[in-house]
Amino acid sequence: MTFRKALSLRFFAVLTLLCLLIGCGAPQPVAERRQTLKKPIAELVDALAEDWQLPMPAALDAELTTTLLGLSDQEIAQCKGYFSMSPQRPDQLVAVEALPGCAETVATRLEQRRDFVAQAYGDAVSGGVVFRGNYLFLLLAGGENHTELVAQATEKIEDNFEK
């Protein structure tokens, strides 16, 4: 092993140790305050999907919830969503009400889905996960105005919660 490689490995080991000691990259807990929706989750998602005009939409069912999102009935109270079946558009609109104590797990799974889609489509997709207590929303959009779609959907979600 060359001197440079040995030095690089030592530096990496020290950096990793420091990150572990200070909690670098540790997931932040999701606040599970009780939130109240103005509309039921299904009604909100349907309204968002209508505004979004997903190409070739497919409704999220129990099988897709488990297969694509990795969520089970033991973690969620309700879930409603749509996925675009178009290979050119990675649009995904999902709303989940997590059971008490499960919001952090649900958030992690939705973020994993977001990361998977972002890796596959790169800059052609924008979006993320919106957290409001036990309610979590996965918003991923592709196409020409993908950034505006996500911003409008986020605003509509925020407006749907009691102040």
Side-chain angles (χ1 to χ4, degrees), residues 12-13 15-49 51-52 54 57-84 89-142 146-163:
F12 179 73
L15 186 61
T16 303
L17 181 61
L18 284 173
C19 287
L20 290 173
L21 289 174
I22 61 173
C24 180
Q28 299 296 315
V30 176
E32 293 194 24
R33 298 183 319 264
R34 187 72 187 142
Q35 297 284 327
T36 306
L37 288 169
K38 293 177 186 175
K39 292 184 202 179
I41 206 168
E43 194 176 316
L44 174 61
V45 170
D46 286 340
L48 291 170
D51 292 347
W52 204 301
L54 286 128
L60 183 68
D61 60 14
E63 183 180 342
L64 285 174
T65 302
T66 302
T67 306
L68 295 178
L69 303 176
L71 298 173
S72 70
D73 292 342
Q74 289 79 32
E75 298 163 329
I76 58 175
Q78 60 177 322
C79 182
K80 172 82 179 200
Y82 296 98
F83 286 80
S84 171
R89 294 274 303 269
D91 298 36
Q92 299 178 23
L93 173 59
V94 179
V96 178
E97 180 184 3
L99 290 172
C102 295
E104 201 168 315
T105 301
V106 171
T108 300
R109 301 260 169 71
L110 293 179
E111 288 169 345
Q112 288 170 343
R113 180 67 186 171
R114 176 203 60 207
D115 294 346
F116 174 78
V117 173
Q119 186 177 19
Y121 286 88
D123 291 341
V125 65
S126 64
V129 179
V130 177
F131 307 90
R132 285 299 298 262
N134 279 357
Y135 294 97
L136 299 101
F137 300 84
L138 174 64
L139 306 172
L140 298 174
H146 55 90
T147 306
E148 293 87 25
L149 283 173
V150 172
Q152 290 168 358
T154 302
E155 185 177 331
K156 200 170 220 179
I157 289 167
E158 293 294 334
D159 290 345
N160 193 54
F161 283 92
E162 301 284 335
K163 303 291 185 217

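For the numbers below, each heavy atom of this structure counts, side chains included, while hydrogens, waters and symmetry mates do not.
Just one residue in the list Val106, Val96, Leu138 forms a side chain to side chain contact (heavy atoms under 4.5 Å, CB included) with Val129, and that residue is Leu138. Each of Lys156, Gln152, Glu43 was scored for a side chain to side chain contact (heavy atoms under 4.5 Å, CB included) with Leu48, with one residue passing: Lys156.
Here CG of Asn160 is found 12.5 Å from CD of Glu155. Values are rounded to the nearest 0.5 Å. Atoms CG and OG, from Leu93 and Ser84 in turn, are 11.5 Å apart once rounded to the nearest 0.5 Å. Taking CG of Leu140 as the start and CG of Leu110 as the end, the distance is 9.5 Å to the nearest 0.5 Å. Here the straight-line distance linking atom CG of Leu69 with atom CZ of Phe116 works out to 11.5 Å at 0.5 Å rounding. Atom NZ of Lys80 and atom CG of Asp46 lie 4.0 Å apart (nearest 0.5 Å). Taking CZ of Phe137 as the start and OG1 of Thr154 as the end, the distance is 10.0 Å to the nearest 0.5 Å.
Contact detail for Tyr82 and Ala59: the closest heavy-atom pair is CD2-CA, 3.8 Å. Contact between Ser126 and Val150 at its shortest, heavy atoms only, is O-CG2, 3.6 Å. The shortest non-hydrogen separation linking Ala153 to Trp52 is CB-CZ3, 3.7 Å. Residues Leu68 and Arg113 share a closest heavy-atom pair of O-CD, 3.5 Å. Shown here for Ala103 and Gly133, the closest heavy-atom pair between the two residues is CB-O, 4.1 Å. Of all the heavy atoms in Asp61 and Leu64, the pair that sits closest is OD1-N, 2.8 Å.
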>> One pair to check against side chain to side chain contact (heavy atoms under 4.5 Å, CB included): Glu158 and Arg132. What are the steps and the verdict?
In response: CA-CA 8 Å; Glu158 293 294 334; Arg132 285 299 298 262; 2.5 Å; yes
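Between His146 and Val125, every side-chain heavy-atom pair lies at or beyond the 4.5 Å cut-off. Using a 4.5 Å cut-off on side-chain heavy atoms (C-beta onward), Tyr135 and Phe161 make contact. Residues Ile157 and Leu139 are in side-chain contact: their nearest non-hydrogen atoms beyond the backbone lie under 4.5 Å apart. The side-chain heavy atoms of Ile76 and Cys102, taken from C-beta on, include no pair separated by under 4.5 Å. Between Ile41 and Leu44, every side-chain heavy-atom pair lies at or beyond the 4.5 Å cut-off.
Other residues, nucleotides and ligands contribute at most 12 non-hydrogen atoms within 6.0 Å of the CD atom of Gln119.
For the pair Arg89 (side chain) and Gly142 (backbone), a donor-acceptor distance under 3.5 Å is present. Between the side chain of Arg109 and the backbone N or O of Gly70 there is at least one donor-acceptor pair closer than 3.5 Å.
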